[in-house]
Amino acid sequence: MKKIILRADDLGFSQGINFGIEKSVKEGLIRSIGIMVNMENTEHGYNLIKDTNCCLGLHTNISAGKPLSNPELIPSLVDMNGNFRSSKEYRKAFQEGYDFVDYRQACIEVEAQYLKFVSLTNQKPHYFECHAVQSENFFKALETICEKYQCDYLPACFNGPVLFKNTKLYPVLEASRPDYDPYKAFKEACLKNYSDGYCMYICHPGY
């Protein structure tokens with residue numbers, strides 16, 4: 001039997017994304033949802049799926065919208081208007097081999113997002129991971145806050161499996177490819193053999 005986890009990311013990003021995720025849960029196969037807790041539409045999205053039987057994760061975000069913490073305390077993460085720096089800036093820094101994220105500042109924002117998740121859902125996140133950023137200092141901050149609150153950290157992975165709660169997960173994230181075909185990508189993922197773990201197929205439903 002194929003072992004596949006279907007995860008939808010970015011709940012809260014917009015109402016269109018929220019309605020797409022709601023439909024994919026109530027009329028489809030999604031049973032795992034990554035929530036962005038700092039966005040204007042976070043509560044709208046959560047209210048759509050809060051009564052469903054889904055695994056809810058903290059999709060920790062430092063590249064879209066505004067921070068939950070005081071921008072003055074996290075200058076490495078924000079632009080001159082107090083918004084998070086864009087994912088394009090993070091990609092450029094990663095490609096050029098430097099990390100502008102300050103670890104201590106990242107801890108401040110990650111903790112604020114964790115506390116918001118708990119306030120919103122009245123529970124700890126079932127998993128704790130990140131949105132669209134490759135930064136070792138950010139990853140270190142995620143691990144630190146996970147340890148502080150005894151949460152389950154799901155590491156970012158771009159090459160090969162990750163270990164989560166003593167189980168191997170093989171992430172499949174094809175949506176950023178210019179030729180992305182969700183049906184083809186999902187079919188190919190289903191055909192692969194994951195005998196020692198689970199395929200974690202990550203998608204982004206929305207309108």
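We count residues from 1, following the sequence as given. All figures in this text were calculated on a predicted structure; none of them were measured in a lab.
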**OP:** For S32 and I5, work out which heavy atoms get closest and say how close.
**Re:** CB-CG2, 4.4 Å
**OP:** Give every residue pair that meets the salt bridge (charged side-chain N to carboxylate O under 4.0 Å, His left out) criterion with at least one member in residues 46-55, sequence neighbours excluded.
**Re:** none
Original post:
Taking the six-membered ring for Trp, is the centroid-to-centroid distance between Y194 and Y170 below 6.0 Å?
Top reply: yes
Subject >> Residues E96 and K92 bridged, charged N to O under 4.0 Å >> reply: yes
Original post:
Given side chains that start at C-beta, do those of V110 and F138 come closer than 4.5 Å, heavy atoms only?
Top reply: yes
Original post:
Would you find a donor on one side and an acceptor on the other, under 3.5 Å apart, between the side chain of E129 and the backbone of P155?
Top reply: no
Original post:
Within the distance-only criterion (no hydrogens, no angle test), does the side chain of K165 pair as donor or acceptor with the backbone N or O of Y153 below 3.5 angstrom?
Top reply: no
Subject >> Carboxylate-amine/guanidinium proximity below 4.0 Å for K140 and E136 >> reply: no
Subject >> Cluster link F94 to V133, ILVMFWY, side chain under 4.5 Å >> reply: no
Subject >> Atom of V101, atom of L77 and distance for their closest heavy-atom approach >> reply: CG1-CD2, 3.7 Å
Original post:
Linking I/L/V/M/F/W/Y whenever any side-chain heavy atoms sit under 4.5 Å apart, do Y103 and L68 land together?
Top reply: no
**OP:** Verify, without hydrogens or angle tests, whether D79 (side chain) and S86 (backbone) share a donor-acceptor contact under 3.5 angstrom.
**Re:** no
Original post:
Counting only heavy atoms not in Y183, do more than 12 fall under 6.0 Å of its OH?
Top reply: no
**OP:** For residues F128 and F117, establish whether the separation of their ring centroids is below 6.0 Å.
**Re:** no
Subject >> Under 3.5 Å: donor-acceptor pair, side chain of Q105, backbone of S76 >> reply: yes
Original post:
Of the non-hydrogen atoms in A175 and H204, which two are nearest, and what is the gap between them?
Top reply: CB-ND1, 3.8 Å
Original post:
Quick one: does H126's side chain have a donor or acceptor within less than 3.5 Å of a partner on L56's backbone?
Top reply: yes
**OP:** Report, as yes or no, whether the 6.0 Å neighbourhood of atom CD on Q123 holds more than 12 heavy atoms from other residues, nucleotides or ligands.
**Re:** yes
Original post:
Any sub-3.5 Å donor-acceptor pair from N81's side-chain atoms to N83's backbone N or O?
Top reply: no
Original post:
Are the side chain of K124 and the backbone of Y149 linked by a donor-acceptor contact shorter than 3.5 Å?
Top reply: yes
Subject >> Ion pair check, E111 and K148, cut-off under 4.0 Å >> reply: yes
Subject >> Partner residues of E89 under the salt bridge (charged side-chain N to carboxylate O under 4.0 Å, His left out) criterion, sequence neighbours left out >> reply: R85
Original post:
Does H131 have its ring centroid less than 6.0 Å away from the ring centroid of F13?
Top reply: no
**OP:** Please confirm whether the backbone N or O of K116 pairs with a side-chain atom of S119, one donor and one acceptor, at under 3.5 Å?
**Re:** no
**OP:** Compute whether any side-chain donor of one residue and acceptor of the other, for S135 and D99, lie under 3.5 angstrom apart.
**Re:** yes
Original post:
Does any N or O in the side chain of T42 come within less than 3.5 Å of the main-chain N or O of M36, such that one atom is a donor and the other an acceptor?
Top reply: yes
Original post:
Just by distance, do the side chain of E22 and the backbone of G45 share a donor-acceptor pair under 3.5 Å?
Top reply: no
Original post:
What heavy-atom pair brings D10 and I17 nearest, and what distance separates the two atoms?
Top reply: O-CG2, 3.4 Å
